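What follows is a single structure, written as structure tokens, with notes after it.
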Amino acid sequence: MANKGPSYGMSREVQSRIEKKYDEELEQRLVQWIRLQCGDEVGTPEQGRIGFQQWLKNGMILSKLVNSLYPKGSQPVKIPEPPPSMVFKQMEQVAQFLKAAEDYGVVKTDMFQTVDLYEGKDMAAVQRTIVALGSLAVTKDDGQYKGDPSWFMKKAQEHKRDFSEDKLKEGKNVIGLQMGSNQGASQSGMTGYGRPRQIIG
């Protein structure tokens with residue numbers, strides 16, 4: 001990674017807006033969930049955006065988190081021993097987490113980019129990805145989620161309905177209200193429109 005100096009002008013303004021999206025209360029809830037899910041050996045970060053970034057930066061805790069949502073023996077991310085110290089290995093570990101999170105069901109729009117975490121460019125996006133992962137875990141309700149289910153919103157689920165052939169045929173005879181109503185429509189009492197054409201000759 002190239003060292004980047006301070007940003008000025010428009011770049012600084014954009015970066016400060018991104019930083020304002022970071023939620024410190026949400027950080028505390030996410031740390032609590034990650035510690036419950038992975039165990040106390042993951043430690044606790046220093047409070048704040050930078051502490052949270054340093055805690056997750058090498059990808060190890062994120063990898064343990066996604067692995068904890070799978071049954072033993074079918075975990076998707078390999079955890080290296082000792083933890084990677086080289087920059088590209090750490091970024092590779094984060095990329096493995098992102099792939100596993102996507103396979104778990106996190107949609108691309110909820111995913112952060114590796115650089116968002118590694119360089120601390122958008123820690124709010126990192127929070128969004130972890131929240132999406134937690135929401136999916138609560139929704140799946142497969143016994144792997146540890147923690148309070150009220151910490152995350154359940155994802156909406158498909159409610160498939162099966163209609164019999166008779167019911168479907170019956171529906172073809174109904175005029176939907178979007179098309180207006182024919183109730184009480186008649187032409188009784190109607191007269192011709194406007195005045196008759198005057199022919200002067």
Side-chain angles (χ1 to χ4, degrees), residues 18-81 83-84 89-162:
I18 290 170
E19 287 170 7
K20 282 180 186 163
K21 290 181 181 176
Y22 185 78
D23 185 342
E24 300 225 349
E25 285 179 33
L26 177 60
E27 173 200 311
Q28 291 171 6
R29 194 172 74 220
L30 293 176
V31 167
Q32 193 176 358
W33 176 54
I34 291 169
R35 292 192 69 210
L36 272 172
Q37 199 68 39
C38 303
D40 289 335
E41 71 271 5
V42 295
T44 309
E46 281 183 37
Q47 208 164 358
R49 191 176 54 80
I50 293 168
F52 192 60
Q53 183 233 350
Q54 292 299 320
W55 189 53
L56 300 175
K57 187 176 178 177
N58 68 5
M60 295 297 289
I61 291 171
L62 291 172
S63 299
K64 287 177 182 174
L65 175 64
V66 78
N67 280 351
S68 72
L69 299 173
Y70 285 87
K72 287 245 184 275
S74 64
Q75 285 121 341
V77 182
K78 193 180 259 181
I79 309 261
E81 278 299 328
K89 287 283 188 191
Q90 291 178 352
M91 290 179 88
E92 197 175 279
Q93 195 68 36
V94 172
Q96 284 183 37
F97 159 77
L98 290 171
K99 169 83 173 84
E102 191 176 347
D103 293 345
Y104 191 73
V106 177
V107 292
K108 278 210 182 285
T109 52
D110 286 336
M111 302 286 264
F112 66 87
Q113 302 291 314
T114 306
V115 66
D116 292 338
L117 170 60
Y118 204 82
E119 293 182 3
K121 285 191 179 290
D122 190 356
M123 290 304 293
V126 176
Q127 287 183 323
R128 197 169 47 247
T129 302
I130 297 170
V131 166
L133 193 63
S135 294
L136 276 167
V138 168
T139 304
K140 287 187 178 186
D141 196 22
D142 56 6
Q144 300 299 322
Y145 175 82
K146 298 177 185 114
D148 186 344
S150 69
W151 286 344
F152 301 104
M153 297 281 286
K154 268 189 167 185
K155 296 268 185 193
Q157 293 183 298
E158 180 182 36
H159 183 63
K160 200 168 171 84
R161 294 169 180 88
D162 292 319

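Fair warning: this is a prediction, and the values are worked out from it, not measured in the lab.
Enclosure of atom NZ in K89 is not indicated, since only 12 or fewer non-hydrogen atoms of other residues, nucleotides or ligands lie within 6.0 angstrom. For CD of E41, the number of neighbouring non-hydrogen atoms (other residues, nucleotides, ligands) closer than 6.0 Å is greater than 12. Around CD of Q96, the count of heavy atoms belonging to other residues, nucleotides or ligands within 6.0 Å exceeds 12.
I130 CD1 to R128 CZ: the interatomic distance, rounded to the nearest 0.5 Å, is 11.5 Å. How far NZ of K72 is from CG of N67: 9.0 Å, rounded to the nearest 0.5 Å. For the atom pair CG (D110) and CG (L133), the distance works out to 10.5 Å, reported to the nearest 0.5 Å.
Here the closest non-hydrogen pair linking A101 and V66 is N-CG2, 4.1 Å. Nearest approach of P80 to K78, heavy atoms of both residues: CD-O, 3.4 Å. In terms of heavy-atom proximity, Y70 sits nearest to A100 at OH-O, 4.0 Å. Here the closest heavy-atom approach between residue P84 and residue Q90 is recorded as O-NE2, 3.0 Å. The two residues E27 and Q127 come nearest to each other via the heavy atoms N-NE2, 3.5 Å. Counting all heavy atoms, side chain and backbone alike, E24 lies closest to R49 at OE2-N, 4.4 Å.
Annotation: side chain of Q144 is in contact with side chain of P71 (closest heavy-atom distance under 4.5 Å). Q37 is not listed as a side-chain neighbour of K64, based on a closest heavy-atom distance of 4.5 Å or more. Considering only heavy atoms from C-beta on, L62 stays 4.5 Å or farther from Q93 through its side chain. Residues K140 and Y104 are in side-chain contact: their nearest non-hydrogen atoms beyond the backbone lie under 4.5 Å apart. Side-chain contact check for W151 versus V138: every heavy-atom pair is 4.5 Å or farther apart.
In terms of the ring-ring contact (aromatic ring centres under 6.0 Å, His included) criterion, F112 has no residue partners (sequence neighbours excluded). Among residues two or more places apart in sequence or in another chain, the salt bridge (Lys or Arg N to Asp or Glu O under 4.0 Å) test is passed with R29 by none. Remark: K99 pairs with D103 by the side chain to side chain donor-acceptor pair (under 3.5 Å) rule, at least two apart or across chains. For the side chain to side chain donor-acceptor pair (under 3.5 Å) test, no residue two or more places apart in sequence or in another chain qualifies with T129. With sequence neighbours left out, D148 forms a salt bridge (Lys or Arg N to Asp or Glu O under 4.0 Å) with no residue at all.
W33 contributes a side-chain N or O that, together with a main-chain N or O of K146, makes up a donor-acceptor pair within less than 3.5 Å. Remark: side-chain polar atoms of D116 are paired, donor with acceptor, to backbone N or O of Q113 under 3.5 angstrom.
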Atom pairs and distances, donor-acceptor, side-chain atoms in residues 50-61, under 3.5 Å, two or more places apart:
{"residue": "Q53", "atom": "NE2", "partner": "L117", "partner atom": "O", "Å": "3.1"}
{"residue": "Q53", "atom": "NE2", "partner": "Y118", "partner atom": "O", "Å": "3.0"}
{"residue": "W55", "atom": "NE1", "partner": "V42", "partner atom": "O", "Å": "3.0"}
{"residue": "N58", "atom": "OD1", "partner": "M60", "partner atom": "N", "Å": "3.0"}

